[in-house]
Amino acid sequence: GQNIDQPTEMTATEGAIVQINCTYQTSGFNGLFWYQQHAGEAPTFLSYNVLDGLEEKGRFSSFLSRSKGYSYLLLKELQMKDSASYLCAVSEAAGNKLTFGGGTRVLVKP
Amino acid sequence: DVKVTQSSRYLVKRTGEKVFLECVQDMDHENMFWYRQDPGLGLRLIYFSYDVKMKEKGDIPEGYSVSREKKERFSLILESASTNQTSMYLCASSLSQELTGANVLTFGAGSRLTVL
């Protein structure tokens with residue numbers, strides 16, 4: 001089985017930086033995903049890490065350390081529209097299914 | 001634009017009723033999934049399918065069944081709905097991982113089911 005932990009909620013100010021941590025314990029590993037989900041909407045794909053290191057995509061970056069079972073999603077220059085839930089998910093070594101953490105709700109304040 | 005379409009956005013059913021949740025994707029994806037999403041618990045996998053007529057249990061299959069008669073359609077069935085099945089149900093699809101190396105899921109907008 002897999003265990004994926006991330007904080008429940010975070011608050012940050014517009015223009016600031018927020019880092020959302022995700023730790024996982026899995027018997028196998030084939031990649032880690034971050035999704036964004038606005039209230040009442042479908043989750044949408046943000047990033048994918050399978051090798052150690054930092055992946056940067058505009059204002060969003062995602063980091064992975066496989067030896068530590070750790071990832072973070074970094075959101076820079078926060079905007080009000082970034083208020084959403086951010087879901088960490090791990091792919092098992094075999095098969096295509098994803099296992100999700102509980103999600104982190106980020107509230108951006110003016 | 002690629003799409004995963006769930007037939008009903010909101011449903012209200014009574015305990016003991018049979019419930020069908022339909023999901024259709026237009027991306028020719030091999031894999032399809034049904035998750036439920038509950039506050040504090042995140043997304044939990046109910047069933048998934050790698051191909052037509054194939055199905056595999058996820059982490060919480062009890063009380064559910066699925067049907068995949070055509071590649072584009074994946075149905076979730078609640079044989080006898082119970083109040084603890086009140087939830088948001090999300091369908092998703094993806095290409096085969098062998099083809100893409102990363103199984104990025106595309107989700108539908110969700111079906112919010114209330115069982116009274």
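Chain identifiers are assigned alphabetically (A, B, ...) following the order of the sequence lines, protein sequences preceding nucleic acid strands; residue numbering begins at 1 within each chain. Because only heavy atoms are used, hydrogens play no part in the values below, and waters and symmetry mates are left out as well, while side chains stay in.
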What about [X] and [Y], same hydrophobic cluster or not, with Ile/Leu/Val/Met/Phe/Trp/Tyr joined at side-chain heavy-atom distances under 4.5 Å?
X	Y	value
Ile77(B)	Leu21(B)	no
Val90(A)	Leu46(A)	yes
Leu45(B)	Met88(B)	yes
Leu78(B)	Tyr35(B)	no
Trp34(B)	Leu90(B)	no

**Request:** Determine, using ring centers only, whether Tyr35(A) and Phe107(B) are less than 6.0 Å apart.
**Result:**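 Phe107(B) vs Tyr35(A): aromatic centres under 6.0 Å.
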
**Request:** For Glu77(A), look at atom CD and say whether over 12 heavy atoms of other residues, nucleotides or ligands are found less than 6.0 Å away.
**Result:**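 No, the 6.0 Å shell around CD holds no more than 12 heavy atoms from other groups.
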
**Atom CZ of Arg105(A) with >12 non-hydrogen neighbours under 6.0 angstrom** =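 Atom CZ in Arg105(A) is not packed in, count stays at 12 or less.
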
Working to the nearest 0.5 Å, report the span between [atom1] of [X] and [atom2] of [Y].
X	Y	atom1	atom2	result
Leu98(A)	Leu43(B)	CG	CG	9.5 Å
Leu105(B)	Leu87(A)	CG	CG	11.0 Å
Gln37(B)	Phe100(A)	CD	CZ	9.0 Å

**Asked** So which of Gly101(A), Pro43(A), Gly40(A) has the largest heavy-atom pair count under 4.5 angstrom toward chain B?
**Response**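 Result: the option with the highest number of such pairs is Pro43(A).
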
**Gln6(A), part contacting chain B, at a heavy-atom distance under 4.5 Å** =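 For Gln6(A), no heavy atom lies under 4.5 Å from chain B.
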
**Prompt:** What pair of heavy atoms forms the shortest contact from Ala42(A) to Gly108(B), and how long is it?
**Reply:**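 Of all heavy-atom pairs spanning Ala42(A) and Gly108(B), the closest is CB-O, 3.0 Å.
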
**Message:** Under 4.5 Å from any heavy atom of chain A, what part of Asp59(B) do you find: side chain, backbone, both or neither?
**Reply:**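 Only the side chain of Asp59(B) comes within 4.5 Å of chain A.
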
**Arg112(B) versus chain A, the contacting section by heavy-atom distance below 4.5 Å** =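 Neither the backbone nor the side chain of Arg112(B) comes within 4.5 Å of chain A.
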
**Message:** Heavy atom to heavy atom, less than 4.5 Å: which residues from residues 50-66 of chain A reach chain B?
**Reply:**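 When heavy atoms of chain B are the reference, residues 50-66 of chain A contributes no residue within the under-4.5 Å range.
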
